[in-house]
Amino acid sequence: MGTTAAVLLWALGVLALVGGVLVFTLNSMARVTFALLGSLVCVGGVVTVLGLPYLGVVILLMMVMEMVIMAVFMIAYMMNPAGLMPMSMLHNKRGALAVSGVVFAVLTTAVFVVPWPDRPRVRPVDTTVQVGMSLMGDQMLTMVTLGFVLLATMVGATVLATHRGRYDRFGDDLDQRPAHDPAGGGVGR
Amino acid sequence: MTFELLLVLAAGLFSIGLFGALSQQSIVMIMMGIELMIGGIIVAAADFWHFLAPTGSGQVVIVAAVVAMAVEMAMGFTVTTAIYRARQVDMTDMAQDLKG
């Protein structure tokens, strides 16, 4: 690994951690969202520097869109979205700190205790081709499963978020005509 | 940055996210914690791919983690919308009992 890559990884790593801490220390919901965006963009940067530019850019683009949507949700739903009044939204802070501290200590210890295998492995020239060939070849079943998971998520999310479903409108046997809607619609009604 | 240090970074992100997921009251903030945890998993997977196993299957693990991130976000927003519509609640502490 070259010096530039090492410096970039250090910078991105520190920024990712700082962003992560800011997520749970800032008051303003908008700032919190952008702190998380910064942290996850750094994660995408780390992935890119480690030689996976395609996945890194995918993570970066996805996080930008997700966090913009999240900012809207936070400001729409959360109390005190501007953070103008200091308030605590935590419960059992001490317990959560203890658990996360123990988990960090255990993981870090494991990192330095586990005898990792010898490093040198040949990396492919084009990593994008590698992931494409893998997803469309050996890992096709994984890709199909992920596709179905995404489809199920889309259907489930739409059904859960819909205010009035077909049974609300057409009755339990779907035979209620006209539909029971709170307000009429269409021309002449 | 070495293999081990990158794993420590991953552990740090995971632990910060875990703290958020355990301590936050707002459902959206809990989702943020889970996002950070998955971010840590992605860093670890990329680290393993780079240093130990630069295979296609290693990259697929990252793809799966990214999909998990997207699914978690979508369902989290949906649950927030559904529970807010039903009970005007966006906090876990207010949603801990069934509506009588």
Side-chain angles (χ1 to χ4, degrees), chain A residues 6 9-10 13 16-17 20-21 23-24 32 36 39-40 43 46-47 50-52 55 58-59 62 66 70 73-74 77-78 89-93 96-97 99-100 103-104 107-108 111-112 116-117 119 121-124 127 130-131 133-135 138-139 142 146 149-150 153 156-157 160-161 163, chain B residues 1 3-20 22-26 28-29 31-33 35-36 39-40 42-43 46-47 49-57 59-60 62-64 66-67 69-71 73-75 77-82 84-85 90-91 93:
Chain A
L9 283 178
W10 268 103
L17 287 175
V21 171
V23 169
F24 302 113
V32 162
L36 182 62
S39 182
L40 293 175
V43 168
V46 168
V47 172
L50 284 176
L52 300 170
L55 290 176
V58 165
I59 291 170
M62 198 179 106
E66 258 190 33
M70 189 172 251
F73 265 79
M74 292 195 82
Y77 282 123
M78 290 187 66
M89 293 180 298
L90 302 173
H91 56 188
N92 195 14
K93 185 178 178 181
L97 257 178
V99 170
S100 52
V103 166
F104 179 70
L107 287 176
T108 309
V111 165
F112 290 104
W116 302 106
R119 307 291 163 76
R121 291 286 299 265
V122 180
R123 280 187 281 277
T127 55
Q130 188 193 42
V131 70
M133 295 300 287
S134 188
L135 283 173
D138 298 343
Q139 299 286 335
T142 313
L146 293 179
V149 167
L150 285 172
T153 303
L160 263 177
H163 182 38
Chain B
M1 205 178 219
F3 170 73
E4 283 85 1
L5 281 176
L6 278 165
L7 281 183
V8 172
L9 166 66
L13 284 173
F14 187 88
S15 304
I16 296 170
L18 182 65
F19 166 75
L22 289 177
S23 66
Q24 294 290 325
Q25 289 184 326
S26 161
V28 185
M29 290 296 287
M31 286 162 56
M32 290 191 155
E35 291 277 307
L36 267 178
I42 288 174
V43 168
D47 189 27
W49 179 87
H50 183 86
F51 286 102
L52 294 188
T55 62
S57 305
Q59 289 203 57
V60 172
I62 303 177
V63 174
V66 172
V67 169
M69 226 174 199
V71 168
M73 197 67 129
M75 291 314 289
F77 285 144
T78 306
V79 167
T80 311
T81 302
Y84 190 82
R85 183 173 280 145
D90 78 326
M91 310 274 280
D93 288 8

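Not measured: the values here are computed from a predicted model. Side chains included, hydrogens not; waters and symmetry mates left out as well; all remaining heavy atoms used. So that the names make sense, note that chain A is the first sequence line, chain B the second, and so on, each numbered from 1.
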Next on the checklist: Nearest 0.5 angstrom please: A:Glu66 CD to B:Met69 CE, how far?
Outcome noted: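 A:Glu66 CD to B:Met69 CE: 6.5 Å, rounded to 0.5 Å.
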Checklist entry - Just how far is it from atom CE of B:Met73 to atom OG1 of A:Thr153, taken to the nearest 0.5 Å? => result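 The distance works out to 13.5 Å.
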Does any heavy atom of chain B fall under 4.5 Å from the side chain of [X], the backbone, both, or neither of them?
X	answer
A:Gln139	side chain
A:Met70	both
A:Leu50	both
A:Leu55	side chain
A:Leu36	side chain
A:Val111	both

Which atom names give the shortest non-hydrogen contact between [X] and [Y], and what distance separates them?
X	Y	answer
A:Leu146	B:Ala64	CD1-CA, 4.1 Å
B:Ala11	A:Thr108	CB-OG1, 4.5 Å
B:Leu13	A:Ala16	CD2-O, 3.7 Å
B:Ile16	A:Gly20	CG2-O, 3.4 Å
B:Gly33	A:Phe24	CA-CZ, 3.6 Å
B:Val60	A:Ser134	CG2-OG, 3.7 Å

Checklist entry - Given a strict heavy-atom distance threshold of 4.5 Å, which part of B:Phe77 is in contact with chain A: side chain, backbone, both, or neither? => result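 Its backbone and side chain both get close to chain A.
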Item to check | chain A contact via B:Tyr84 - which portion, at a heavy-atom distance below 4.5 Å | outcome: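 For B:Tyr84, the contact with chain A is made by the side chain alone.
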Next on the checklist: Using modelled atom types and a 3.5 Å cut-off, is there a donor and acceptor pairing between side-chain atoms of B:Arg85 and backbone atoms of A:Ala161?
Outcome noted: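 Checking the backbone N and O of A:Ala161 against the side chain of B:Arg85, a donor-acceptor pair under 3.5 Å is found.
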Checklist entry - Any sub-3.5 Å donor-acceptor pair from B:Gln59's side-chain atoms to A:Thr127's backbone N or O? => result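 Between the backbone of A:Thr127 and the side chain of B:Gln59 there is a qualifying donor-acceptor contact (under 3.5 Å).
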Most chain A-contacting option - heavy-atom pairs closer than 4.5 Å, from [options]:
options	result
B:Leu22, B:Ile62, B:Asp47	B:Leu22
B:Val67, B:Val8, B:Leu52, B:Val43	B:Leu52
B:Ala70, B:Ser23, B:Ala46, B:Gly56	B:Ser23

Checklist entry - So B:Ser57 and A:Asp138, side-chain contact (heavy atoms from CB on, under 4.5 Å) or not? Walk me through it. => result CA-CA 8 Å; B:Ser57 305; A:Asp138 298 343; 5.7 Å; no
Item to check | Minimum side-chain heavy-atom gap B:Leu18-A:Phe104 below 4.5 Å | outcome: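 With C-beta onward as the side chain, the pair stays apart.
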Next on the checklist: Going by the rule side-chain hydrogen bond (donor to acceptor under 3.5 Å, both in side chains), which residues pair with B:Thr55 if we only count those two or more places apart in sequence or in a different chain?
Outcome noted: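 So B:Thr55 forms no side-chain hydrogen bond (donor to acceptor under 3.5 Å, both in side chains) with any residue.
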Item to check | Interface residue of largest heavy-atom contact number with chain B, from A:Leu52, A:Leu160, A:Leu107, under 4.5 Å | outcome: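 Ranked by contacts with chain B, first place is A:Leu52.
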Next on the checklist: Run A:Val131 and B:Trp49 through side-chain contact (heavy atoms from CB on, under 4.5 Å) and show every step you take.
Outcome noted: CA-CA 12 Å; A:Val131 70; B:Trp49 179 87; over 6 Å; no
